[in-house]
Peer 1: 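Okay, handing you the structure first.
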Amino acid sequence: MFGLRSTADCRCEPRFDGDALRLDATDCPGSGRLAAAPDCRATAVAALRDRDAESVHSRADGLERAYEDGAAALLVAAGRFAEAVAFYDEALAARTERDPSTRPGSRPGGREPSRGSRP
């Protein structure tokens, strides 16, 4: 499949069609819902590690979801970042693929790590 892969709990089949990334989510439990399914999002971002796309489309159950403009740009940027950082920190790269909108250093639940008391 041209080196593209799905994550463990995602069965989306990614492929590029011109400047669009297309995810066939027919057999995927996450139905290719990138906004709600972190495993599907990780599959899309992983496919974008070494190739850009103007838009990302997922199709399941006769419904196509299109991620364009800012949403597509975020996924592409996350793919580029994951590719660049993977050599140094594979865990950060994997976390970026699953949740590209999380700031580096932030923790689940939106709480920052404790930095001690302020003067």
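Reckoned from all heavy atoms, side chains included, excluding hydrogens, waters and symmetry mates.
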Peer 1: Is any side-chain heavy atom of Leu34 less than 4.5 Å from a side-chain heavy atom of Leu23?
Peer 2: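 Side chain of Leu34 against side chain of Leu23, heavy atoms only: contact under 4.5 Å found.
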
Peer 1: Taking all heavy atoms of Thr96 and all of Ala78, pick out the closest pair and write down the distance.
Peer 2: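 So the minimum-distance heavy-atom pair works out to CG2-O, 3.7 Å.
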
Peer 1: Which atoms form the tightest heavy-atom contact between Pro100 and Leu75, and what is the distance?
Peer 2: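 Closest approach of Pro100 to Leu75, heavy atoms only: CG-CD2, 4.5 Å.
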
Peer 1: Taking all non-hydrogen atoms of both residues, which atom of Ala93 and which atom of Ala82 are closest, and how far apart?
Peer 2: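 Of all heavy-atom pairs spanning Ala93 and Ala82, the closest is CB-O, 3.5 Å.
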
Peer 1: Show the numbers, then the answer: is there a side chain to side chain contact (heavy atoms under 4.5 Å, CB included) between Arg51 and Val76?
Peer 2: CA-CA 8 Å; Arg51 185 165 173 185; Val76 168; over 6 Å; no

Peer 1: Under 6.0 Å from the six-membered ring centre of Phe16 and within 45° of its axis: does the NZ or CZ of Arg22 meet both?
Peer 2: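 Here Arg22 fails the 6.0 Å and 45° test against Phe16.
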
Peer 1: Answer yes or no: is there a donor N or O on one side and an acceptor on the other, between the side chain of Arg33 and the main chain of Gly30, under 3.5 Å?
Peer 2: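 A pair under 3.5 Å: yes.
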
Peer 1: Evaluate Asp24 against Arg15 for side chain to side chain contact (heavy atoms under 4.5 Å, CB included), listing each step before the verdict.
Peer 2: CA-CA 8 Å; Asp24 178 355; Arg15 69 177 175 82; over 6 Å; no

Peer 1: Give the minimum heavy-atom separation between Arg41 and Ala36, together with the two atoms involved.
Peer 2: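 Taking every non-hydrogen atom into account, NH1-N, 4.1 Å.
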
Peer 1: Is there any side chain to side chain donor-acceptor pair (under 3.5 Å) pair reaching into residues 65-74, and which pairs are they, with sequence neighbours excluded?
Peer 2: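 Found none.
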
Peer 1: Output yes when Arg11 and Asp27 qualify as a salt bridge under the 4.0 Å nitrogen-oxygen rule, no when they do not.
Peer 2: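 Between Asp27 and Arg11 there is no salt bridge, as every charged N stays at least 4.0 Å from the carboxylate O atoms.
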
Peer 1: Show me, pair by pair, the donor-acceptor contacts under 3.5 angstrom made by side chains of residues 57-64, not counting sequence neighbours?
Peer 2:
| residue | atom | partner | partner atom | Å |
| --- | --- | --- | --- | --- |
| His57 | ND1 | Glu64 | OE2 | 3.0 |
| His57 | NE2 | Ser55 | OG | 2.9 |
| Ser58 | OG | Gly32 | O | 2.7 |

Peer 1: Using every non-hydrogen atom in the two residues, find where Leu21 and Ala53 come nearest and quote the distance to one decimal.
Peer 2: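 Smallest interatomic distance, heavy atoms only, reads N-CB, 3.9 Å.
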
Peer 1: Could you walk me through whether Val56 and Leu48 pass side chain to side chain contact (heavy atoms under 4.5 Å, CB included), step by step?
Peer 2: CA-CA 10 Å; Val56 178; Leu48 294 165; 4.2 Å; yes

Peer 1: For a quick test of reading the model, state the closest non-hydrogen atom pair linking Cys12 to Ala25 and the distance between them.
Peer 2: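 Minimum heavy-atom contact is SG-CB, 3.7 Å.
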
Peer 1: Inspect the contact between Asp50 and Arg80 and indicate whether a charged nitrogen and a carboxylate oxygen are less than 4.0 angstrom apart.
Peer 2: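 Answer for the salt bridge query: no.
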
Peer 1: Are the side chain of Asp89 and the backbone of Leu92 linked by a donor-acceptor contact shorter than 3.5 Å?
Peer 2: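 Yes: the side chain of Asp89 pairs with the backbone of Leu92.
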
